[in-house]
Each structure stands twice: as structure tokens, then as C-alpha cells.
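Here is the structure we will look at.
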Amino acid sequence: MEKKELINGGKVKSVFTTDNEDQVIIEFRDDMTAGDGERKEVMNNKGAYNAVISTKIFRVLEENGVETQLIDLPQPNVMLAKKLEMIPIEVIVRNIATGSLVRKYPIADGTKLEPPIVQMDFKADEYHDPMLNDSIIKALGIATQEEIDILTEKALKINEVLTEFFADAGIILVDFKVEFGKDKDGNILLGDEISPDGCRLWDSETLDMLDKELFRKGKDNEVMDAYVEVYNRIIPDDEKVI
Ligand code: C5P
């Protein structure tokens with residue numbers, strides 16, 4: 001398996017073509033960014049921790065009937081994946097109100113959201129990822145109503161599976177972002193990553209943050225300890241590769 005052409009140099013991951021035209025190699029770099037990429041630091045081994053965490057989560061989701069783009073993790077920071085045409089929507093699920101929700105709407109930080117909120121943002125840094133609704137998505141030609149319904153259903157299923165998975169590790173899944181894409185047959189699969197970069201994870205006992213919010217708040221020296229804590233709690237010893 002060989003990296004050929006760089007097809008997407010993202011903020012924290014690089015996607016390469018490989019010998020098989022239906023597959024891609026996703027390299028998780030050690031970069032950490034905040035504020036639409038305005039602030040960027042390099043964090044030791046962060047790429048590997050995120051790739052291993054994301055691989056574990058994708059495997060758990062597959063076991064629960066959620067198809068993902070994951071094929072294999074040949075190196076701790078390198079994922080082999082099915083090639084997808086990504087849909088430029090960030091699907092966000094919220095179980096507890098915090099972050100941008102409490103900044104934009106009159107709802108108290110920490111309010112339990114039952115049922116959870118499913119929100120779709122336009123993945124476009126130049127527009128600062130504005131929130132979409134069904135009519136805007138259709139007007140922009142991003143997805144059909146049927147596809148919007150599939151994304152919503154899949155995001156809620158992922159929330160159900162991962163809320164329980166993290167609870168078993170003493171972690172509250174507060175909110176998270178997922179991205180989807182279409183494979184060569186047009187099936188919608190979960191893509192990208194699910195890691196502490198795109199989730200809010202709180203310790204169930206102390207409510208300490210175990211995710212990128214620490215970096216967003218300038219606590220750069222605490223953030224990798226939090227990622228390692230998540231890794232240690234969810235990766236069984238015989239699956240540890242870092
Ligand atoms: O900032 P906000 O409260 O909207 O974030 C909701 C969730 O989506 C958080 O878990 C955050 O990590 C994630 N998110 C993300 N990438 C973005 C925006 C939000 O991963 N561009």
C-alpha cells in the first residue's frame with residue numbers, strides 16, 4: 001500500500017490516493033487547530049491518538065450496524081479507508097447544551113437535551129460554517145430530502161451507540177460532529193473521524209473536559225493528557241499500539 005497523490009490537505013489530516021482507486025490513505029497529523037484554523041499548534045503524537053481512537057469507535061459503530069469508511073489502521077496514525085465523495089455538512093448531535101448553542105440561543109449551559117438536537121452546519125471555513133436547514137441544503141444542492149433524513153437517522157443511531165460506549169468508560173458524550181460521504185455505489189457511509197477533536201467528552205464523576213475544548217480555551221498543556229486519558233479508557237490493553 002503506497003501513498004500516491006495528495007488529494008486533500010485538510011487542517012489536521014492529509015488524504016492520499018493509493019494503488020486501489022476505490023481506497024484512500026488518511027494520514028492523521030499532529031496539528032491541532034481552533035477558530036477556523038486561525039490558531040495552530042503541533043501536539044506530540046496527537047495524530048496517532050486520534051487515529052487509534054477513531055478506528056476503535058468506527059469498529060464499535062460497524063458492530064452496531066453503522067457502516068463507515070474504515071478498512072484498516074496499518075500504522076497508528078495512518079488509516080486505510082474506502083474512498084468517499086464527502087457531503088459538505090457537519091452533522092452535530094447535542095445531548096447537553098453548551099458551546100455555540102448557549103452563545104447563540106437563550107438556553108442555560110448544562111441543560112439536558114431530550115430528545116437530542118441534530119444540527120447541520122455548512123462545512124465551509126470561508127463562510128464560518130453557517131447553520132443550515134432543510135430548505136437551504138436543498139437550495140444549495142448539497143443533499144436531497146431523502147439524504148437529509150438518512151443523515152439524521154444515522155447521526156441519532158451513532159449518538160445512541162456512543163453514549164452507551166462512552167458511559168461504560170466513565171465519560172459523558174456531551175455533543176459531537178460527524179461527516180458523511182457517498183461510496184462508488186452511492187451508499188452514504190460515515191467518514192472522517194470521531195475523536196476528541198470533534199466531540200465534547202466530560203468525565204462522568206468530575207465533569208472535567210477530556211477533549212479539544214481545552215485547546216480552544218488556551219489550556220494547551222492539558223489537552224494531550226486528556227486525549228491520552230480517553231485512549232486509555234476506551235482502548236483495551238491488548239489493542240494498545242501507542
Ligand atoms: O462549537 P459547537 O458547540 O457548535 O460544537 C458542537 C460540537 O461539534 C463539538 O463537539 C465540537 O467539537 C464539534 N465541532 C467540530 N467541528 C466544527 C464545529 C463543531 O468538530 N467545525
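Side chains included, hydrogens not; waters and symmetry mates left out as well; all remaining heavy atoms used. Both counts, for ligands and for their atoms, begin at 1 and track the order of listing.
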Stepwise salt bridge (charged side-chain N to carboxylate O under 4.0 Å, His left out) check, D125 with K11: CA-CA 11 Å; D125 280 345; K11 290 199 284 282; 2.9 Å; yes

Heavy atom of the protein closest to atom 19 (C) of ligand 1 (residue, atom name, distance): I92 CD1, 4.1 Å

Centroid-centroid distance, Y49 to Y231, less than 6.0 Å: yes

Steps toward side chain to side chain donor-acceptor pair (under 3.5 Å) verdict (T33, R216): CA-CA 8 Å; T33 67; R216 296 191 191 101; over 6 Å; no

Protein contact of atom 14 (N) of ligand 1 - nearest heavy atom, named by residue and atom, plus distance: K177 CB, 3.8 Å

Minimum non-hydrogen distance to atom 4 (O) of ligand 1, winning option of A34, S195, G99, S100: S100

Which of the ligand 1 atoms, numbered from 1, are nearer than 4.0 Å to a heavy atom of F176: 10 (O)

Shortest reach to atom 7 (C) of ligand 1 by a heavy atom, considering only T98, V91, D175: D175

I25 CD1 to T17 OG1 distance, which is reported to the nearest 0.5 Å: 8.0 Å

K240 NZ: over 12 foreign heavy atoms closer than 6.0 Å: yes

Verdict with supporting geometry, D220 and R39, salt bridge (charged side-chain N to carboxylate O under 4.0 Å, His left out): CA-CA 11 Å; D220 295 20; R39 195 159 80 84; 3.0 Å; yes

Test item: side-chain donor near acceptor, T152 and D149, under 3.5 Å: no

R103 N/O under 3.5 Å from ligand 1 N/O: no

Protein heavy atom at shortest distance from atom 1 (O) of ligand 1: R200 NH2, 3.5 Å

Flag, side chain of E239 to backbone of P236, donor-acceptor distance under 3.5 Å: no

Check: Q119 N/O within less than 3.5 Å of ligand 1 N/O: no

Proximity to ligand 1 by part of R94, non-hydrogen separation under 4.0 Å: side chain

Close-contact set for ligand 1 against D129 heavy atoms, below 4.0 Å: 21 (N)

Contact with ligand 1 for E213, non-hydrogen, under 4.0 angstrom: no

Numbering as shown, the atoms of ligand 1 that approach G198 to under 4.0 Å (heavy-atom distance): 10 (O), 12 (O), 13 (C), 20 (O)

Sidechain-backbone polar pair: D30 side chain, G47 backbone, donor-acceptor under 3.5 Å: yes

Part of R216 within contact of ligand 1 (heavy atoms, under 4.0 Å): side chain

contact_flag D197 ligand 1 heavy-atom lt 4.0 Å: yes

Close approach of E90 to ligand 1, heavy atoms, under 4.0 angstrom: yes

N/O donor-acceptor pair under 3.5 Å between S204 side chain and G170 backbone: yes

Ligand-residue contact atoms, ligand 1 with C199, heavy atoms, under 4.0 Å: 10 (O), 12 (O)

